Every structure is written in structure tokens, then in C-alpha cells.
Amino acid sequence: MKAVFSDSQSVEKEAKAHYAFPEFVMMENAAAAMEAEVLKAICRDESDSTHASAPCPRVLIICGSGNNGGDGYALARRLCGKIPCDIFAIKAPKTEEAIAQRKMAESTGVPIFTEIPADEKLSSYSVIVDCILGTGFSGELKEPLAGIIEKVNSLPANKIACDIPTGLRFKVNLTITMGCLKSALFGDQAKDLCGTIQIADLGITPAKFEACGRPDAFLIEKDDIKLPWRKNKASHKGSYGHTAVFAGEKSGAGILAASAALNFGSGLVTLVKTENSNLEQFKISPELMINDEIPANTTCVLIGSGLGGVSTLTASPAREVPPAPAQKALDQVKAWFRSAKAPACLFDADLFSWKDLPAFLDELYSSRPEEKIILTPHLKELKSFCDFAFLGEAPVTIAELTQAEKRIEIGNKICQRFPGITLIMKSANTFIAHEDDIYICDAGSPSLAKAGSGDVLAGMTAALLAQGYTTRDAAITAVYAHALAGSSFANGEDWALTAEKLINRLGK
């Protein structure tokens, strides 16, 4: 896993002090990293037959007034004499290092403009490098900068960002982030802007750099997952757990989750019918069992996917009217959780509309605090859960939850409020909160934006819990494997993904 920091400026400051590294050395290494990628981009363009008649490649570096702009001036100086390049200085440099770097760039003869080039000239650049604003900027971009970025975004040039796309408005093919990964690169808005993210070595290895601060999160990589390979040759179906999935008012969601559980290693999978289940409307695989109750040998229960009826639920067992189907299902879960040898539960979808879910979770943990629970809300569901769990506090908005820093904050807050629970916050980039740590999966693709894909993830995660995984390992493995299965549709057929096709890609 790679470390991710919210306050990267403090980490950089500590690194400079600890390793006695002056700013200009780091700036020179930042420029060297960008130079290498600019030259690679030029070479790719020249070797691309579709660009055979293109004019001589030319680079435009757009510089701001701070050290991000200083990196750009240093890049221009390094490129001068190798490839034609120009600088568009939006503002005069104001930091000591940026002023010095501009003087050096001027001495090499790099043309510096203080007005945006005319449209014809602007369209002639094959590579444009964004060195305007770094991670220190917050707030909304103002004119004329916002308009300049909008114009540049419309150009076909290969675009590269220094550290972070300016104001998270500049759309680039590649982001070269300096020294370490920044959490701002993994918000939902950033997903469509940053392109490929690459860490630049500033003269200190990333490990040494990261040691100068405590990470706020960790980026999941493929080597971090633990797929449910079957290594015990003397095993049987009971060796790999039994997943029970409630099939409620919209049983299709439960069927998808159960099918995903079966395809992700669970030895046995049972659909548990509620009174309002519509299972009879579906053609169900003969591999799935059906029961009216949670089977005695169940090792994980999944409830919520298509359950329905949560608006009528109450927290109190004392009722004057017969319990609703969803209430009966939750009563079953509560009784099973108290009696099972090593219970594990996954709560999904409809249950996050239930105002008493926080109280229900408290009750489960008061009886079995050592056992396993995973919650899998998307952002709208996460907002509802936060509203119910933190009554009396200022409500969080969905717009706020799209921001990486806010999701890190909320994930930590929920894990403090509900110790032992693991939270999967589904979105364009999915965040996992577990104890004191946050894990980020950025491997998801737009192909997953299809009804049923969340039910598949719930089933996959429950299957791993059923097989004895820790909640941390189950969440990390299922989320990343789900993203990989979805990304296999990305080349020319991303619109065609369905939940059933996604299930069939598991294990391939």
C-alpha cells in the first residue's frame, strides 16, 4: 500500500528539516521528473502514425506565482535546447525560489508571455504543463484564471499537472505529485481530472519522505488483496463458509448478492425469504438454496439489499401490531447473532434509510463486541446514516462526502462511534474505514455505474466474511477485486456491463 497524506506540506517541511534538504534541490528533482514525462509524451506523439503530419512538437508551461510555478520555470530551463517550449506566466513569481528559477529560465532564452497566447498559437502546443497552483490552494478559482483553464481544457494537447491539477479544475492526462500521494487526488471530482497519478522522487525515496508524517490513508494496490484461493486439498463445501442473504421486497438484489457470494468462494449460499419476497418472479440458479430462516450453520448474514419496508421499522421489541417483514428479518438476525458461534453480518442498501440502525448496531455489539460487522453504504446512504448516528450535529452534505478529506474524517468518526465496525463508503473512489485506518481504492471504472453492481460487492464481501476473513481483509479484497472485474469492461464495452456479467468476470 502507498501512504496518502492530507497535509503534505507539513510532511515536506519535516522532510526538509530532517534530511537537511534545501528547497532548490527538491525543486530541481521535481523539474527532472516532469522533464522525463514531457519527453516521453513527445516521443509517443511522434511515433503515433495519426500524428504523422503534425507540426514540430512544442511545449507550453503555465506558471503561477508560488513554488509550483518555480517548478515550471525549472522545467522550462531543463527543456530549453531539447524541445521548443514557452512559458505563460499568469502572475509574477513571489517566492524566493520561484523568483530565482524564473531568472535562470530567462537566462536560457525561454520565451515568457504574460498574456495567454492567441488561439491559433495555443492550439499548436502538443504538451501543456500545469504549474499554476499546488495543494496549498483552497476555495474557488476566480476569473481570469477559471476562464483560462476552461479554454486550455478544450485543447487536444497532452496535459500534465505538477503536484495536483490547479483548483481541481484543470483536466490532465498525467499528474506528477511531488514526494507523496495527497488525499485531494482521490476525491470524486479528482477522479475525472487527474489522469494517471505518479509520484516524483524529490531526492529522497518515497519511503523516507513518507516517514516524516503519519499517513491519513493508504492506497490499495493489487498485491494487497487476498483472493480466496483453495489450498487445502482435503476440504469440502462446508470448509468455505455459508452465506445467508435475505431476499425481500425487491428480491432481485438479494439474488445478485447471493450469486456473487457463490462466485467469490462461499461454499454454501442460502436465500432467506421474507414475507414480502418476490422470489417467484425470478429464475434462480439451482446452486442457491432457499429457506424461510437463517440456516443453523450460517457463518455470515447479508441483509439490506432489496429488503424494503424499512420505513415501518422500530427499535423497540414491544409492538402493538404484528412486525413488518423487514422487522421479522432483523429479529432473526439479532437472535442468530447472539447464538451463532462466530457471527458475521453485512448491512447494505435499504437499511441505511432506517433511523434506528445505529441503535440496532449498538445492541448487537453490546452482546457480542468481538464479532464482525461491515456496512456498505453509497454516499446518499452514508449521509442518512450520519444524520441518524450523529443527531444534533450539523448534517453532512453529499457534496462534502465527495471530497476525500471529508470522507476520511467521517470514516474515522463512525469507527470511533461504533468500535469494531468496518465501513465501506462506495463511490467513484471507494474508501474503507477500519479502526484507526482509512484505505482507498481508486481502481474503479465508470462501467460499474450500473444497477446491481453494489449488490455484487455486498455479496462478494459477505462471502469472504463467511470464509473467515477479518473485516479489514474482506473489505479490501472484495472492493479491489470488484473494481478489477469492472475495469475489464473498460475497453470499448463499458456501457454494456450488467451485474450478471460482472459476476461472471469474478475470478477471471
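Because the structure is a prediction, the values reported are computed rather than measured.
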Spacing of [atom1] belonging to [X] relative to [atom2] belonging to [Y], to within rounding of 0.5 Å:
X: I164; Y: T135; atom1: CD1; atom2: OG1; value: 6.5 Å
X: I116; Y: F88; atom1: CD1; atom2: CZ; value: 5.0 Å
X: L401; Y: D188; atom1: CG; atom2: CG; value: 9.5 Å
X: C131; Y: N67; atom1: SG; atom2: CG; value: 11.5 Å
X: I476; Y: F218; atom1: CD1; atom2: CZ; value: 10.0 Å
X: I61; Y: I132; atom1: CD1; atom2: CD1; value: 12.0 Å

Would you say [X]'s side chain and [Y]'s backbone share a donor-acceptor pair under 3.5 angstrom?
X: Q416; Y: D436; result: no
X: D71; Y: A30; result: no
X: R58; Y: K121; result: no
X: Q467; Y: A463; result: yes
X: S427; Y: T430; result: no
X: T477; Y: K226; result: yes
X: K450; Y: W495; result: yes
X: K191; Y: D442; result: yes
X: D224; Y: E221; result: yes

Any side-chain heavy-atom pair of [X] and [Y] under 4.5 Å:
X: N68; Y: L133; value: no
X: L219; Y: F186; value: yes
X: T461; Y: I424; value: yes
X: H378; Y: L382; value: no
X: I421; Y: L375; value: yes
X: L185; Y: P165; value: yes
X: L484; Y: K222; value: yes
X: L155; Y: S123; value: yes

Specify the closest pair of heavy atoms between [X] and [Y], including all atoms of both residues, with the distance to one decimal.
X: F209; Y: V11; result: O-CG1, 3.4 Å
X: F352; Y: S384; result: O-CB, 3.3 Å
X: T402; Y: R407; result: O-NH2, 3.5 Å
X: K383; Y: P395; result: NZ-CB, 4.1 Å
X: L256; Y: G452; result: CD1-CA, 4.0 Å
X: F24; Y: E97; result: CB-OE1, 3.5 Å

For K2 and E210: C-alpha separation, side-chain torsions, deciding distance, then whether salt bridge (charged side-chain N to carboxylate O under 4.0 Å, His left out) applies. CA-CA 9 Å; K2 292 178 180 175; E210 293 165 5; over 6 Å; no
Applying side chain to side chain contact (heavy atoms under 4.5 Å, CB included), run through E435 and R472 and close with a yes or a no. CA-CA 9 Å; E435 296 181 349; R472 173 190 178 276; over 6 Å; no
Is the number of heavy atoms from other residues, nucleotides or ligands within 6.0 Å of [atom1] ([X]) greater than 12?
X: K16; atom1: NZ; answer: yes
X: E120; atom1: CD; answer: no
X: F113; atom1: CZ; answer: yes
X: K13; atom1: NZ; answer: no
X: E140; atom1: CD; answer: no
X: Q198; atom1: CD; answer: yes

Please report the C-alpha distance between C415 and H434 in whole Å, then the side-chain angles of each, then the deciding distance to 0.1 Å, and finally whether the side chain to side chain contact (heavy atoms under 4.5 Å, CB included) criterion is met. CA-CA 7 Å; C415 285; H434 172 79; 5.6 Å; no
Do [X] and [Y] have side-chain atoms, one donor and one acceptor, less than 3.5 Å apart?
X: S183; Y: S6; answer: yes
X: R505; Y: S488; answer: yes
X: S447; Y: S445; answer: yes
X: T166; Y: D130; answer: yes
X: D86; Y: Y125; answer: yes

Does this structure show an ion pair linking R78 with E28, if we count only N-O contacts that are shorter than 4.0 Å? yes
One thing to verify: whether D437 and R214 come together as a salt bridge, which I'm taking to mean a side-chain N less than 4.0 angstrom from a carboxylate O. yes
K372/D473 under salt bridge (charged side-chain N to carboxylate O under 4.0 Å, His left out): CA gap, chis, key distance, verdict: CA-CA 12 Å; K372 304 173 182 178; D473 289 345; over 6 Å; no
For I432 and I220: C-alpha separation, side-chain torsions, deciding distance, then whether side chain to side chain contact (heavy atoms under 4.5 Å, CB included) applies. CA-CA 10 Å; I432 298 166; I220 304 168; 4.1 Å; yes
Could you check N29 against M26 for side chain to side chain contact (heavy atoms under 4.5 Å, CB included), going step by step and ending with a plain yes or no? CA-CA 5 Å; N29 281 297; M26 287 190 168; 5.8 Å; no
Within residues 145-158 or reaching into it, pairs that qualify as salt bridge (charged side-chain N to carboxylate O under 4.0 Å, His left out) - sequence neighbours excluded: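 Checked against salt bridge (charged side-chain N to carboxylate O under 4.0 Å, His left out) - neighbours excluded - the pairs reaching residues 145-158 are D119-K151.
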Pairs flagged by salt bridge (charged side-chain N to carboxylate O under 4.0 Å, His left out) wherever residues 161-177 is involved - sequence neighbours left out: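 Every pair satisfying salt bridge (charged side-chain N to carboxylate O under 4.0 Å, His left out) with a residue in residues 161-177: D163-K182, K171-D192.
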Should D201 and K208 be marked as a salt bridge (charged side-chain N to carboxylate O under 4.0 Å, His left out) after you check the CA-CA gap, both sets of side-chain angles, and the distance that decides it? CA-CA 10 Å; D201 185 332; K208 292 287 186 182; over 6 Å; no
Residue among F385, Y365, F347 satisfying ring pair (Phe, Tyr, Trp, His ring centres under 6.0 Å) with F418: F385
Examine K413 relative to F390 and say whether NZ or CZ is less than 6.0 Å from the centre of the six-membered ring and inside a 45° cone about the ring axis.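 Positive - K413 is close enough to the ring of F390 and near enough to its axis.
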Set of residues satisfying side chain to side chain donor-acceptor pair (under 3.5 Å) with respect to E106, sequence neighbours excluded: R102
